[in-house]
Amino acid sequence: MPAGTYLVGPAERLLIRRVPRAVRFDRHAVTVARYRRFLDALEADGTSRWDHPDQPPHVTHRPWTDRLRHADYYENPRYADHPAVCVNWWSAYAFAAFEGKRLPTSLEWEAAARGTDGRLFPWGDTSDSSRVNCADSWVGRPVVTYQAWYRDFAGDAVRRAGATPVGERPGNRSPFGVLDMVGNCWEWTSTSLGDPGEAVICGGSYDNPMRAVQASSKGLYRKRGGSNAVGFRCVQDIDTDKAEETEA
C-alpha cells in the first residue's frame, strides 16, 4: 500500500488522512500454524527479546486456551489455516517483531481495507454477506436490528458460528489484494486512544451483523484480553529508495 491520502471514517463523515509511508500488508490474518512457529522459537530461544518494552511481567504469549471455543484449536491440524485468536496485544506485538514486522496503525489498516476511493467494504459499496463471515451469513438473511440479531443469531447460530480458514472467501478482497479485512475476526492495531491499556481493533468479526463489518468498523479492546473473535495481521515498512534501486 503506497503512502498517500486516503478517505477514512464512517460514510456520513468521511475524512481525508495521510498515510506517511508505504507498507506491505500480510495477505491474510496470522494463522495458527504461523503462531505455533513463534511459540516453538520462544521455547528454543529461552528469551523475551521480541517483547514490547512496556509489556507487563506476568504476560505470557501462550494463547488463552481456557477461552478457546475448541480446546484443541492450537494442536489439531484441522485448524492450522484458521486465524490465531485468543492472543493478547502484547503477544501480537512480539509475534510481529519475531517476523521482522509490526502491527499496523488503525489508519493504515482502514486505508488498506477500503482503498483510495473510500469504499464501504473491501470489494465495493454493496452489502454482500456471501463475501464475508459475519452474523448475516450464519443466519442466512440480513440482520438489521439488535432485536433481530438476538433472536436469529444469539441462539442456535451463535453455537455454530466461529472463525473460518483465512482466505476462504476470495471475494472479501481489498483493492490492494488484502483478504478478509472485514468479518471473520477483529484485528489488533498498534493504535491506542487515551488509555494505554487498550488498543484499537478493526474490521468486525463472525458474530457481528453485516452493518458492523465495514472497512471503517473499529472498537477498543484491553491489551491483556484474548477472544475467539480477535486476531491480527502484520505489516512491513517498504524502503521505497531500495525498491527503486532494485527496479532500476
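T189 places a side-chain N or O within 3.5 Å of a backbone atom of V200 that can act as its donor or acceptor partner. Side-chain N or O atoms of R211 include one that pairs as donor or acceptor with a backbone N or O of V144 at under 3.5 Å. With R69 contributing its side chain and N228 its backbone, the two residues share no donor-acceptor pair below 3.5 Å. Judged by distance alone, the side chain of R102 and the main-chain N or O of Y93 form no donor-acceptor pair under 3.5 Å. Counting only distance, with no hydrogens or angles, the side chain of S106 and the backbone of T191 share no donor-acceptor pair below 3.5 Å. Judged purely by atom type and a 3.5 angstrom limit, S137 uses its side chain to pair as donor or acceptor with the backbone of V132. Panel note: side chain R37, backbone V32; no donor-acceptor pair is recorded below 3.5 Å. When atom types are taken as modelled, the side chain of E75 and the backbone of D72 share no donor-acceptor pair closer than 3.5 angstrom. With D125 contributing its side chain and L120 its backbone, the two residues share a donor-acceptor pair below 3.5 Å. D136 contributes a side-chain N or O that, together with a main-chain N or O of M210, makes up a donor-acceptor pair within less than 3.5 Å.
Taking CE of M1 as the start and CD of E108 as the end, the distance is 5.5 Å to the nearest 0.5 Å. Atom-to-atom distance recorded for R119:CZ and R114:CZ is 10.0 Å, nearest 0.5 angstrom. Taking NE2 of H70 as the reference point, atom OG1 of T65 lies at 14.5 Å (rounded to 0.5 Å). Rounding to the nearest 0.5 Å gives a distance of 11.5 Å between NE2 of H28 and CG of N184. The distance from the CD1 atom of I201 to the CZ atom of F232 is 14.0 Å, given to the nearest 0.5 Å. Atom SG of C234 is separated from atom CG of L103 by 6.0 Å, given to the nearest 0.5 angstrom.
Sorted by first and then second residue, the pairs that involve residues 212-221 and meet side-chain hydrogen bond (donor to acceptor under 3.5 Å, both in side chains), not counting sequence neighbours, are E110-K218.
The side chain to side chain contact (heavy atoms under 4.5 Å, CB included) test with H61 is passed by exactly one of W50, Y35, F95: Y35.
A single hydrophobic cluster is seen to contain both L107 and V235, as judged by linkage of ILVMFWY side chains at heavy-atom distances under 4.5 Å, directly or through other members. Note: the hydrophobic cluster containing V213 does not contain M181 (ILVMFWY, side chain heavy atoms under 4.5 Å, direct or indirect links). Both W90 and L39 belong to a single network of hydrophobic side chains, linked directly or stepwise wherever heavy atoms of I, L, V, M, F, W or Y lie under 4.5 Å apart. V139 and Y206 end up in the same hydrophobic cluster when Ile, Leu, Val, Met, Phe, Trp and Tyr side chains are linked at under 4.5 Å. Hydrophobic cluster membership is shared by V59 and V230, with clusters built from Ile, Leu, Val, Met, Phe, Trp and Tyr side chains linked at under 4.5 angstrom.
Within 6.0 Å of CZ in R222 there are more than 12 heavy atoms belonging to other residues, nucleotides or ligands. In R224, the CZ atom is not crowded: 12 or fewer heavy atoms of neighbouring residues, nucleotides or ligands sit closer than 6.0 Å.
Side-chain N/O atoms of N208 and W186 include a donor and acceptor closer than 3.5 Å. Between the side chains of D128 and T126, not a single donor N or O lies within less than 3.5 Å of an accepting N or O. Using modelled atom types, one finds no donor on one side chain facing an acceptor on the other under 3.5 Å when comparing W138 with D207.
The nearest pair of heavy atoms linking Y74 to V85 is OH-O, 2.7 Å. Across F38 and S91, no two heavy atoms sit closer than the pair CE2-O, 4.2 Å. When every heavy atom of D237 is checked against every heavy atom of R21, the shortest pair comes out as OD1-NE, 3.2 Å. The shortest heavy-atom contact between A94 and D51 is CB-OD1, 3.9 Å. Between W109 and A215, the closest heavy-atom pair is CZ3-O, 3.6 Å.
With a 4.5 Å cut-off on side-chain heavy atoms, T116 and Y6 count as touching.
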Which donor-acceptor pairs under 3.5 Å do side chains of residues 165-179 form with protein atoms, sequence neighbours excluded?
from : atom 1 : to   : atom 2 : distance (Å)
R169 : NH1    : T164 : OG1    : 3.4
N172 : ND2    : V182 : O      : 2.8
S174 : OG     : A112 : O      : 2.9
S174 : OG     : F176 : N      : 3.1
S174 : OG     : V178 : N      : 3.3

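Taking the six-membered ring wherever Trp is involved, the centroid distance between the rings of W89 and H52 falls below 6.0 Å.
The pair R233-E187 meets the salt-bridge criterion, since a charged nitrogen lies less than 4.0 angstrom from a carboxylate oxygen. Ion pairing between R34 and D26 holds under the 4.0 Å rule for side-chain N and carboxylate O.
With sequence neighbours left out, F121 forms a ring pair (Phe, Tyr, Trp, His ring centres under 6.0 Å) with W123.
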